J.: 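Structure incoming, see below.
Since the model is a prediction, treat every value here as computed from it, not as a measurement. We count ligands from 1, going down the list as the structure has it; atoms in each ligand are counted the same way.
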Amino acid sequence: MLASTSRETPTAPNHLLAGVIGKFQLDINAADGSADSKSKKLEHLQILEQRASAQMEKLSSNLEALYGGRQDVPAVLGKLLEVFIAKGLERPDELKQLDAARERDPNWFSSNKSIGGALYVDRYCGTLSNLEKEISSFKLMNVNMLHLMPTIYKTPEKDNDGGYAISDFRSVNPAIGTMDELRELFDTMRKRGISPVMDVTVNHVADEHAWAQAAKAGDPEKLGYFFAMSEAEKDEYEKHLGVIFPDIRPGNFTWNEDIGRHIWTTFMSSQWDLNYSNPKTLAAMAGELMFLLNQGAEALRLDAVPWLWKEKGTNCIERPEVQALLGVFNNMAKIAAPGTVLLSEAIREPERLKQNLGPDKCQMAYNSMTLVHMWDALTHEDASFMAEALRRHANVPEGTALLNMVRTHDDINFCFDPGSADKFGIDILERHKGLRDFYLGDNSYAKGVVFNENSKSGRLYLNGTTGSLAGVEKAIEAGDPQLADAAIRRIKLLNGVLLSVPGVPMLNLMGGDDRGQVNDYSYKDDEIQRKDSRWVNRVKRDVDFKTKSPLEVQVMGRVFDDTVDLNRVRAQEMPAFGAGPIQVIDTGKAPVLAFARENEQQKVVVLANFSQSPQKVDQEHLRAQGMTDAVIDKSGPQKDQALKIGDGIALAPFQCMWLVPADGHRPQTRTTEAATA
Ligand code: OTU
């Protein structure tokens, strides 16, 4: 020990940490305040030092990956430690208690009790104080994680990309409330067991953000937070880049008159990409993330992570440095706010989006795989493609969880798993064509809206709420109760699978998924929104039953009852649905997705019929999972009626079952190699 310490130079990581801690000690001792408050601070400083010391090796290697070869790496490390420790000291006492509790329960975010919901405060209930009144309804739905979409921040008034152009991470949109109200709301939520999730657009800030304003006003330091380029340099990069929104915003740069250069704007012109090759940008953003965690956010959704690092001559997506950047944010949270988790957002192929997932990167990651394969399986009445993708990708490392959803606020980008496609000889672009015909065509129950029509890729980007894509809209237009019944069954099927595959389900309340709400076409009348059909998904919450037909009211009621019921059963009776592996079962019936989930307490077999015809699963597949004689479907209406498995299990059209043994005993695990082969 001694020998190795004595070899350390003053710039060695542990020396740096000791120096930073020493400085804070001096500051605390020199500051005004009671002896008692000082000793409390010093005590917490000690905890921060221990946590930092445990992270030092990882933090140093992350910085090496980002800035290795630069002279100032030790200075960067020192600066980041200062930010982390300062913010750790500012953390309110109740949050420090939360941190301590969660250090003892590191998988707090991934049990069967974890059920998320996402909404726009403005479109859901108007204001933060109204949202506080809705907490009981979230409790009723067993939602214990609530993602407040970024319209809660101060944003440019018009062109703000649905809130994803953020003008200030520290100010609340005045139309919905204040920062004090947000903190109070988070306090109440925490006390009632609901974890707040907030967005951080780590890739960009709005052109109205103070950093961008300063850059425009000629501040060279703030200009260094962004990419400002000459025409020639921009063209050099542009040669290798794709385009995200070809219909709305071609290209990747926006000319800025004040600066006299082209600013890198991967998404909309009002969203200026941050330049992390400048370590000052990283330190500044770390400060913003910590600010939000210290207000009581328990998870941060890191937006658009694939684009965080640029490298000339490449497409600037998923550069290896992205992993190191996420690593630094992880080190930060582990030191200063260990009771929180990071959630990476990327709508990419499963293999790619899983790159961002890890106990030392983002502990949670958006998983579009479940979503795209479910919609695909419904179209083709065939779940084999999905089953294969789940088999390959749904099992994730200990300490991490995928975030699943049926729909998001964005378009559906059908990022299928290429490996699974190969297995079945599926041509992905052909598949997109089929989906396009189905979801936009006149010959199906669905009512979708195309996005990115001018994309040259031939891929389908699809919009539409769960309700409209599953058939509610057409059923109501036709006033046909039978069509409505089928749509309700499809939604229940999607939710049944969503809640039972590995990961945390996220209920899309901004698409009215809890009530099967249909597309909102009013965006077409809005000067800004009309260009962006993703708004069709972002409905205002509408529970004004007086204005609706009896059929529509009936649909909304049934979807809501189903949702509440399934969520409750998952949270209260299905421990096996938390983190933990999935075992896909081949029943020989293509329309049926079948898999087992198990943990120490429980074993469940899930059967999901993606077809409009009834299906039967032979008893041998249940017996192979250790189920004998009789089972109970925990997701069905008759939860106490045993089903004899002797004749096989019959599934109604679009039925999903969560089967457990009727005798309540946990089946003996048999290695099922032979049985599933
Ligand atoms: C995200 O989406 C947000 O979800 C969008 O609403 C924003 O417009 C965008 O970032 C910019 O902030 O391309 O079509 O693979 O899925 O980052 C949506 C990553 C997007 C993309 C995602 C981006």
J.: Identify, by atom number and element, the atoms of ligand 1 in contact range of Asp411, meaning under 4.0 Å from any of its heavy atoms.
T.: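 Here the atoms of ligand 1 in question are 14 (O).
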J.: Need the ligand 1 atom indices (1-based, order shown) with element for anything under 4.0 Å from a heavy-atom of Ile244.
T.: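 Listed by number with element: 13 (O).
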J.: Any heavy atom of Tyr366 sitting closer than 4.0 Å to ligand 1?
T.: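 Tyr366: no contact with ligand 1 (<4.0 Å).
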J.: Give a yes/no on ligand 1: does Met268 have at least one heavy atom closer than 4.0 angstrom to it?
T.: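 No heavy atom of Met268 comes that close to ligand 1.
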J.: Pull out every atom of ligand 1 sitting under 4.0 Å from any heavy atom of Arg348, numbered as shown with elements.
T.: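 Near Arg348, meaning under 4.0 Å from one of its heavy atoms, ligand 1 has 15 (O).
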J.: When the ring planes of His432 and Phe414 are compared, do they come out parallel, tilted or perpendicular, using 30° and 60° as the limits?
T.: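 It falls in the perpendicular class, over 60°.
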J.: Can a non-hydrogen atom of Gly162 be found less than 4.0 Å from any atom of ligand 1?
T.: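 Per 4.0 Å heavy-atom rule, Gly162 does not contact ligand 1.
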J.: Looking at ligand 1, does Phe451 have a heavy atom less than 4.0 Å from it?
T.: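 It does not; every heavy atom stays at 4.0 Å or beyond.
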J.: For atom NZ of Lys312, decide whether the heavy atoms of other residues, nucleotides or ligands shown that lie under 6.0 angstrom number more than 12.
T.: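 Above 12, so yes.
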J.: Hey, which atoms in ligand 1 end up nearer than 4.0 Å to a heavy atom of Ala304?
T.: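 This gives 17 (O) as the contact atoms.
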J.: Does ligand 1 have any atom sitting under 4.0 Å from a heavy atom of Thr201?
T.: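 No, Thr201 has no heavy atom closer than 4.0 Å to ligand 1.
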J.: Taking 4.0 angstrom as the limit, do Lys524 and Asp526 come out as a salt bridge?
T.: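 No, no charged N to carboxylate O under 4.0 Å.
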J.: Tell me which part of Glu349 gets within contact of ligand 1: side chain, backbone, both or neither, using heavy atoms under 4.0 Å.
T.: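 No part of Glu349 is near ligand 1 at this cut-off.
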J.: Is the Trp255 to His262 ring centre distance short of 6.0 Å?
T.: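 Yes.
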J.: Which ligand 1 atoms does His409 reach within 4.0 Å, using its non-hydrogen atoms?
T.: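 Those qualifying, in numeric order: 3 (C), 4 (O), 5 (C), 6 (O).
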J.: At a 4.0 Å cut-off, with the gap strictly under it, does some heavy atom of Glu318 reach an atom of ligand 1?
T.: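 Glu318: no contact with ligand 1 (<4.0 Å).
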J.: Is the Phe227-Trp264 ring centre distance short of 6.0 angstrom?
T.: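 Ring centres of Trp264 and Phe227 closer than 6.0 Å.
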J.: So if I apply the side-chain hydrogen bond (donor to acceptor under 3.5 Å, both in side chains) rule between His393 and each of Thr370, Asn367, Asp417, which one comes out positive?
T.: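 For His393, the side-chain hydrogen bond (donor to acceptor under 3.5 Å, both in side chains) test succeeds with only one of Thr370, Asn367, Asp417, which is Asp417.
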J.: For Asp161, counting its heavy atoms only, list the atoms of ligand 1 lying under 4.0 Å from any of them.
T.: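 Near Asp161, meaning under 4.0 Å from one of its heavy atoms, ligand 1 has 7 (C), 8 (O), 9 (C), 11 (C), 12 (O).
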J.: For salt bridge (charged side-chain N to carboxylate O under 4.0 Å, His left out), just list the numbers for Asp161 and Arg249, CA-CA rounded to whole Å, side-chain angles, deciding distance to a tenth of an Å, and then say yes or no.
T.: CA-CA 12 Å; Asp161 189 23; Arg249 226 301 307 277; over 6 Å; no
J.: Just heavy atoms, cut-off under 4.0 Å: does Thr408 contact ligand 1 by side chain, backbone, both, or neither?
T.: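 Answer for Thr408: neither.
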J.: On the six-membered ring of Tyr445, is Arg490 placed so that its NZ or CZ lies under 6.0 angstrom from the centre and within 45° of the ring axis?
T.: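 The answer is yes; both the distance and angle limits are met.
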J.: Over 60° means perpendicular and under 30° means parallel, so tell me whether Phe385 and Phe424 are parallel, tilted or perpendicular.
T.: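 The rings of Phe385 and Phe424 stand perpendicular, inter-plane angle above 60°.
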